[in-house]
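Computed from a predicted model, the values in this text were never measured in an experiment.
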Amino acid sequence: MDALDTAALDLPGWTHVYSGKVRDLYAPDLPAVGGVHPLGDVVLVVASDRVSAYDHVLSPGIPDKGVVLTQLSLWWFEQLADLVPNHVVSTEVSSEPGDGLVPDVVAGRAMICRRLDMFPVECVVRGYLTGSGLVEYRAGGEVCGVPLPAGLVDGSRLPEPIFTPATKAAVGEHDENVSFDVVAEQIGLDDATRLRDLTLAVYARAEQVARERGVILADTKLEFGVDPTTGRTVLGDEVLTPDSSRFWPADQWEPGHAQPSYDKQFVRDWLVSPASGWDRASDTPPPSIPAEVVTRTRARYLEAYERLTGSTLG
């Protein structure tokens, strides 16, 4: 059970152009004549098994994590298809090297996606108070300029979901929470309003779907872009995965403290514990993740997929 946690792979028919904390992006090797990919203006998005915490990419990765992220995103894209179009063009696997489809070595963890003009905004929606939102609330009684009632605690359900956007940060840097007005100044009021409304609509649908399966969707982060061909606003990147969302077991929800979650919390907790020996305030890179923490984290990702979709990864 090995993790795919290298920086990038050499994939026939595709040229690596960018690596984020988790995903690697490839452009097609276009034919000399015509220069057009059979599927149009596309990119190959590969979800690795890399895991990050506190703005560091750690080692080793979590086996099958990238498959969970991709397959769960694909499942959610189907659940949301009537609300907003998405960027997925194909997940068909190559029958021969260099045919422009998904190379078999990354089958299950890769999607061929339409190239979008991405909005420079992390579209965050919160239905519950925790994380950086809780820090802001404790400091001033509001989150991203949205005032909230007094007396809320860690894990409190909000009176209604709120749109709390953030600016995108480079790898190794923090996203910065901002108000709706800042987003409107940056991309225009019409686009900001559209992104807010779509984000809230996606959350409402997903929260209901997750709740029916015994899972609380506390918050999530979405990314949108514009299809340059049609001008439509399209949902991109990943969607409603344990990396971009907080999923909590509904039967264990208890406001007043941090909630158990279906994500990399085991990694975070170990990293800041005495067991890791790592000083977060230092310049020293984090140590390697112990095998037990890797195993427990993998189980949480798989459980999230299985509880939400009702299926197991084959």
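Under the 3.5 Å distance criterion, with hydrogens and angles disregarded, a donor-acceptor pair is assigned to the side chains of Arg268 and Gln265. One side chain, Ser94 or Asp99, offers a donor N or O that lies under 3.5 Å from an acceptor on the other. Side-chain N/O atoms of Ser132 and Asn177 include a donor and acceptor closer than 3.5 Å. Judged by distance alone, the side chains of Ser179 and Asp181 never bring a donor and an acceptor atom under 3.5 Å apart.
With hydrogens and angles disregarded, no donor-acceptor distance shorter than 3.5 Å links the side chain of Gln71 to the backbone of Leu69. Between the side chain of Ser73 and the backbone N or O of Val239 there is at least one donor-acceptor pair closer than 3.5 Å. Looking only at distances, a side-chain donor or acceptor of Arg213 sits under 3.5 Å from a matching main-chain atom of Leu308. Of the possible donor and acceptor atoms, none in the side chain of His16 sits under 3.5 Å from a partner among the backbone N and O of Leu9. Of the possible donor and acceptor atoms, one in the side chain of Glu136 sits under 3.5 Å from a partner among the backbone N and O of Cys144. Listed for the Tyr301 side chain is no donor-acceptor partner under 3.5 Å among the backbone atoms of Tyr262. Side chain of Ser90 to backbone of Glu92: a donor-acceptor contact under 3.5 angstrom is found. Between the side chain of Arg50 and the main chain of Gly20, a donor-acceptor pair closer than 3.5 Å is present. Asp49 contributes no side-chain N or O that, together with a main-chain N or O of Pro63, makes up a donor-acceptor pair within less than 3.5 Å. Of the possible donor and acceptor atoms, none in the side chain of Lys264 sits under 3.5 Å from a partner among the backbone N and O of Thr297.
Across Ala218 and Tyr203, no two heavy atoms sit closer than the pair O-OH, 3.9 Å. Of all heavy-atom pairs between Tyr137 and Gly151, the closest is OH-N, 3.1 Å. Scanning both residues, Pro120 and Gln186, for their nearest heavy atoms gives CG-NE2, 3.7 Å. Contact detail for Val125 and Pro161: the closest heavy-atom pair is CG2-CB, 4.1 Å. Nearest heavy atom pair, residue Gly155 against residue Pro255, reads O-CG, 3.9 Å.
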(request) Carefully, step by step, assess Leu44 and Leu11 under the rule side-chain contact (heavy atoms from CB on, under 4.5 Å). (result) CA-CA 10 Å; Leu44 180 71; Leu11 301 178; 3.7 Å; yes
(message) Set out, in order, the CA-CA distance, both residues' side-chain angles and the distance that settles side-chain contact (heavy atoms from CB on, under 4.5 Å) for Val146 and Phe180, then state yes or no.
(response) CA-CA 9 Å; Val146 179; Phe180 175 81; over 6 Å; no
(request) With side-chain contact (heavy atoms from CB on, under 4.5 Å) as the test, would you mind laying out the steps for Asp279 and Thr284 before giving the verdict? (result) CA-CA 8 Å; Asp279 180 3; Thr284 305; over 6 Å; no
(message) Let's go through Thr70 and Arg109 carefully: what are the C-alpha distance in whole Å and the side-chain angles of both, what is the deciding distance for side chain to side chain donor-acceptor pair (under 3.5 Å) to 0.1 Å, and is it a yes or a no?
(response) CA-CA 5 Å; Thr70 298; Arg109 63 173 69 245; over 6 Å; no
(request) Would you please test Glu207 and Arg157 for salt bridge (Lys or Arg N to Asp or Glu O under 4.0 Å) and show each step? (result) CA-CA 12 Å; Glu207 194 275 339; Arg157 187 173 187 175; 3.8 Å; yes
(message) Under the criterion side-chain contact (heavy atoms from CB on, under 4.5 Å), I'd like the reasoning laid out for Ser245 against Lys221: C-alpha separation, chi angles, the key distance, then a yes or no.
(response) CA-CA 6 Å; Ser245 314; Lys221 176 181 67 176; over 6 Å; no
(request) Please lay out, stage by stage, how Arg114 and Asp227 fare under the test salt bridge (Lys or Arg N to Asp or Glu O under 4.0 Å). (result) CA-CA 8 Å; Arg114 186 174 298 106; Asp227 183 334; 3.4 Å; yes
(request) For side chain to side chain donor-acceptor pair (under 3.5 Å), just list the numbers for Glu238 and Thr241, CA-CA rounded to whole Å, side-chain angles, deciding distance to a tenth of an Å, and then say yes or no. (result) CA-CA 7 Å; Glu238 64 177 348; Thr241 74; 2.8 Å; yes
(request) Take Lys21 and Asp243 through the salt bridge (Lys or Arg N to Asp or Glu O under 4.0 Å) test and state the conclusion after the steps. (result) CA-CA 11 Å; Lys21 291 178 181 177; Asp243 272 14; over 6 Å; no
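Here Thr199 contributes atom OG1 and Glu122 contributes atom CD; the two are 10.5 Å apart, rounded to the nearest 0.5 Å. Atom CZ of Arg296 sits about 5.5 Å away from atom CD of Glu292, to the nearest 0.5 Å. Note: Leu235 CG to Trp76 CH2 = 12.0 Å, rounded to the nearest 0.5 Å. To the nearest 0.5 Å, the span separating CG on Asp263 from CZ on Arg300 amounts to 8.0 Å. Rounded to the nearest 0.5 angstrom, Leu148 CG and Ile162 CD1 are separated by 4.5 Å. We find the CZ-CG distance between Arg205 and Leu240 to be 11.5 Å, quoted to the nearest 0.5 Å.
The aromatic rings of His37 and Trp14 sit tilted relative to each other, their planes meeting at an angle between 30° and 60°. Using bins of under 30°, 30° to 60° and over 60° for the plane-to-plane angle, the ring pair Trp253/Tyr128 lands in the perpendicular bin.
A heavy-atom distance below 4.5 Å is found between the side chains of Ile187 and Leu195. Proximity of Val46 to Tyr26: side-chain heavy atoms (C-beta onward) are separated by under 4.5 Å at one or more points. Taking the side chain as every heavy atom from C-beta outward, Arg23 and Asp237 approach each other to under 4.5 Å. You'll find the side chain of Val124 stays beyond 4.5 Å of the side chain of Pro165, heavy atoms only. Within the 4.5 Å cutoff, the side chain of Leu198 has no heavy atoms near those of the Leu83 side chain. Contact of the Ser59 side chain with the Ile289 side chain is not registered, since no non-hydrogen atoms from C-beta on lie closer than 4.5 Å. Val215 has its side chain out of reach of Trp248: every pair of non-hydrogen atoms, C-beta onward, lies at least 4.5 Å apart. At a threshold of 4.5 Å between non-hydrogen side-chain atoms, the residues Pro60 and Val294 count as touching.
No continuous path of hydrophobic side-chain contacts links Ile62 to Val67 [ILVMFWY only; heavy atoms under 4.5 Å]. Clustering ILVMFWY residues whenever any of their side-chain heavy atoms sit less than 4.5 angstrom apart, transitively, puts Val22 in a cluster other than the one holding Leu271. In the hydrophobic clustering of ILVMFWY residues, with side-chain heavy atoms under 4.5 Å counting as a link, Leu222 and Val234 come out apart. Connection of Val209 to Leu74 is established within a shared hydrophobic cluster, with ILVMFWY side chains joined at heavy-atom distances below 4.5 Å, either directly or through further cluster members. Residues Val272 and Val293 are members of one and the same hydrophobic cluster, defined by side-chain heavy-atom contacts under 4.5 angstrom among Ile, Leu, Val, Met, Phe, Trp and Tyr.
Annotation: side-chain contact (heavy atoms from CB on, under 4.5 Å) contacts of Ala27 (sequence neighbours excluded): Val17, Arg115.
Geometrically, Arg196 does not engage Phe163 in a cation-pi contact, judged by NZ or CZ lying under 6.0 Å from the ring centre and within 45° of the ring axis.
Open room surrounds CD on Glu160; 12 or fewer heavy atoms of other groups in view lie less than 6.0 Å from it. For Asp10, the CG atom counts as loosely surrounded, since its 6.0 Å shell holds 12 or fewer non-hydrogen atoms of other residues, nucleotides or ligands.
Remark: Arg246 engages Asp219 in a salt bridge, criterion side-chain N to carboxylate O under 4.0 Å. A salt bridge does not link Arg194 to Asp197: none of the charged nitrogens lies less than 4.0 Å from a carboxylate oxygen.
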